[in-house]
Amino acid sequence: MNKTLLCTLSAAAALPVFAGTDSVVPASTDWAEQVKKSLIVYENKDTYINKVSLAFREQWQMAVVQPNGSNGLHLRDGASPFNSEFRRSWVGINVFTESGTQFHTYARIGGLPTRSTYNNGRTKRNFTYTDLYDIWVKQNISAVKGLSVKAGKFAPAFSSDFRTSNANIPCVERSFIANQFALDSNWGVEVNYTAPDKANILYLQVMANDRACASKNNSHRDVYRDGRGLKGEFGWEDKCFMILGGTHKFDITQNGYQAVSAEYMHDFNNAYHNRRKPGANNYGFGFKDAISLGYEVKHNKLTFMANAIAAFEQQNGNGSNNVGIQLQPVYALHPQVDCVFRYTAMTGDNACKLGADRYICTQCTTTAAPTWVDSLHAFYFGVDFYASAKHKDAAKLMIGAEYTTARKDGADCYNGWEFTTALRFNF
């Protein structure tokens, strides 16, 4: 064999071999994906339990509230315009079986300092509690692909905003609409059909738990009495509500999609027209019926969501029907940077909840601002920074500012800014 041939064979042997079926796929170098994989404590498709994985969700945030552009204006004596808190600190577990059963739970960790609130002339720090935010079992029905039944404690799915997981929302705080109709996690049953191509979703939720009432006292001493833990007061005759909803996705391409959604919510509480049982509380979402219509479009770097809400017959009888709208465009300036804008508006005679879960209510309540108003408008501007472009919601820094204005009886009753920053982790 001549020297030329030997040199040729040696060079060929030094080159890597590429074959379609034999090539080795390099391991992912994305740090977030590596963390997610590390949380899988067991995985074997040949055993009854296919997979066991841990979950972790943490959120720390801070805010400065400036009513009418001035920290001191309208603040009660002793109240502070600044607040910081561990909004979420959860650990959970997911178990999947070969029979199509999934067990899921998220435990809220106790003992962490949380939101400061104004009480008895001063702002003081509260402390959180230990309980289960959700705990449920879902069973896939093998006879109908895409059909499942879930039972346990989980979040209701009403409004486009609140149907989005708190790990995925692009704003630091949810909209006033989502806050007003948000019911936290509740005990119930859900029947869900998700088409194999994910283009159509239809679901029915029936829930009953006194934690649903947004007007109850959420202080530490009332946690378990209110059913926030495993103890829940159940009474289907006057504490039951249902949600029927669906989503249709169309024009699906590699560049995006369009989707329409609708939800109907009905509260079976018999507290309407003064027919309330003696000693009973108002439970549910505060109205007898509510309808939500949503539209979403995603095209390349732009995602736009619009949601309209109509609620009828307020429970306490002091207000009228409620109508609201939310418009929310999100534009990706960079694979790891999003720019967010949100406009929220609600109107209804004494039927719009100003405080909801906002700092202006829990920390810096003004002497002039009532809980229920006739109309409100809110403008949110924000920027989100993601540590991983592939898993954007694994770790992100969110910076936002929202201006809110509210009117009651023909006069302004609240105007002001809320500047917020949040650091979120979700694995």
Side-chain angles (χ1 to χ4, degrees), residues 30-40 53-63 85-96 102-109 112 114-115 128 131-136 138 150 152-175 177-179 182-186 190 192 194 198 201 247 259 261 294 296 298 303 305 307 326 328 330 332 335-340 342 357 380 382-400 420-427:
D30 184 88
W31 70 272
E33 189 164 330
Q34 293 300 315
V35 173
K36 288 177 179 290
K37 289 181 178 179
S38 69
L39 294 175
I40 300 175
S53 62
L54 302 178
F56 170 71
R57 187 170 297 176
E58 181 75 43
Q59 176 182 336
W60 174 85
Q61 69 185 60
M62 59 179 289
E85 63 170 320
F86 283 94
R87 187 60 174 269
R88 293 175 183 87
S89 189
W90 301 351
V91 292
I93 189 171
N94 289 283
V95 180
F96 301 87
Q102 179 187 356
F103 170 77
H104 165 80
T105 187
Y106 249 131
R108 293 189 267 207
I109 303 172
L112 296 174
T114 61
R115 176 176 302 186
T128 189
D131 78 338
L132 296 176
Y133 176 78
D134 50 20
I135 177 170
W136 48 259
K138 183 174 74 173
K150 180 167 67 175
K153 187 183 182 189
F154 51 90
F158 182 79
S159 82
S160 299
D161 194 334
F162 205 70
R163 280 191 292 105
T164 305
S165 168
N166 51 48
N168 306 118
I169 56 175
C171 304
V172 177
E173 295 276 9
R174 294 189 188 271
S175 68
I177 288 177
N179 283 160
L183 302 176
D184 207 332
S185 58
N186 291 266
E190 174 186 284
N192 181 292
T194 301
K198 312 296 183 183
I201 300 174
T247 300
S261 60
E296 183 179 355
K298 178 176 177 58
T303 301
M305 184 268 283
N307 189 203
Q326 177 179 341
Q328 183 176 286
V330 179
Q336 292 176 253
V337 181
D338 282 352
C339 183
V340 184
R342 183 182 67 202
D357 201 23
Y380 178 95
V383 180
D384 300 336
F385 301 91
Y386 306 98
S388 168
K390 185 175 182 180
H391 299 280
K392 298 179 67 173
D393 295 311
K396 57 185 178 182
L397 174 65
M398 312 175 74
I399 301 174
T420 55
T421 300
L423 182 61
R424 292 184 179 179
F425 298 94
N426 180 69
F427 296 98

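Position 1 is the first residue of the sequence, and the numbers go up from there. Just so you know, these numbers use all the heavy atoms, side chains as well, and skip hydrogens, waters and symmetry mates.
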Which heavy-atom pair separates Val172 from Tyr380 by the least distance, and what is that distance? N-OH, 3.2 Å

Nearest 0.5 Å, please: how far is NZ in Lys396 from OH in Tyr386? 5.5 Å

In terms of ring plane angle, is the pair His104 and Tyr106 parallel, tilted or perpendicular, where the classes change at 30° and 60°? perpendicular

What distance do Asn94 atom CG and Ile40 atom CD1 have between them, rounded to the nearest 0.5 Å? 10.5 Å

With sequence neighbours left out, the residues meeting salt bridge (Lys or Arg N to Asp or Glu O under 4.0 Å) with Arg163 are Glu263

Rounded to the nearest 0.5 Å, what separates atom OG1 in Thr105 from atom CD1 in Ile135? 4.0 Å

Quick one: side chain to side chain donor-acceptor pair (under 3.5 Å) partners of Ser53, sequence neighbours excluded? none

Gap separating the CG atom of Leu423 from the CZ atom of Phe385, nearest 0.5 angstrom: 12.5 Å

Less than 4.5 Å apart, any side-chain heavy atom of Asn179 and any of Phe162? no

I'd like to check the ring pair (Phe, Tyr, Trp, His ring centres under 6.0 Å) partners of His391; sequence neighbours left out, ordered by chain and number. none

Atom pair CZ/CD1 of Phe158 and Ile177 - distance to nearest 0.5 Å: 9.5 Å

Spacing of Ser388 atom OG and Lys36 atom NZ [to the nearest 0.5 Å]: 9.0 Å

Applying side chain to side chain donor-acceptor pair (under 3.5 Å), can you list everything that pairs with Asp161, at least two apart in sequence or on another chain? Arg174, Ser175, Gln326

With sequence neighbours excluded, what pairs up with Lys392 under the side chain to side chain donor-acceptor pair (under 3.5 Å) test? Asp338

With side-chain contact (heavy atoms from CB on, under 4.5 Å) as the criterion, how do Phe427 and Leu54 come out once you've worked through the C-alpha distance, each side chain's angles and the decisive distance to 0.1 Å? CA-CA 8 Å; Phe427 296 98; Leu54 302 178; over 6 Å; no

Just by distance, no angles: are the side chains of Asn426 and Asp393 close enough, under 3.5 Å, to form a donor-acceptor pair? no

With a 4.5 Å cut-off on side-chain heavy atoms, are Asn166 and Trp90 touching? yes

Looking at Asp30, is its backbone amide N or carbonyl O close enough to the side chain of Lys390 to form a donor-acceptor pair, meaning the two atoms are under 3.5 Å apart? no

For Lys153 against Asp134, the heavy-atom pair lying closest together: O-CB, 2.9 Å

Can you confirm if the aromatic rings of Phe154 and Trp136 lie within a centre distance of less than 6.0 Å? no

Could you list the residues that satisfy side chain to side chain donor-acceptor pair (under 3.5 Å) with Gln59, not counting sequence neighbours? Gln61, Arg88, Arg424

Which heavy atom of Ala387 sits nearest a heavy atom of Gln336, and at what distance? O-NE2, 3.4 Å

Could you tell me whether the side chain of Ser89 and the main chain of Glu58 form a donor-acceptor pair under 3.5 Å? no

Looking only at heavy atoms, what is the nearest atom pair of Gln328 and Pro170, with distance? NE2-CG, 3.3 Å

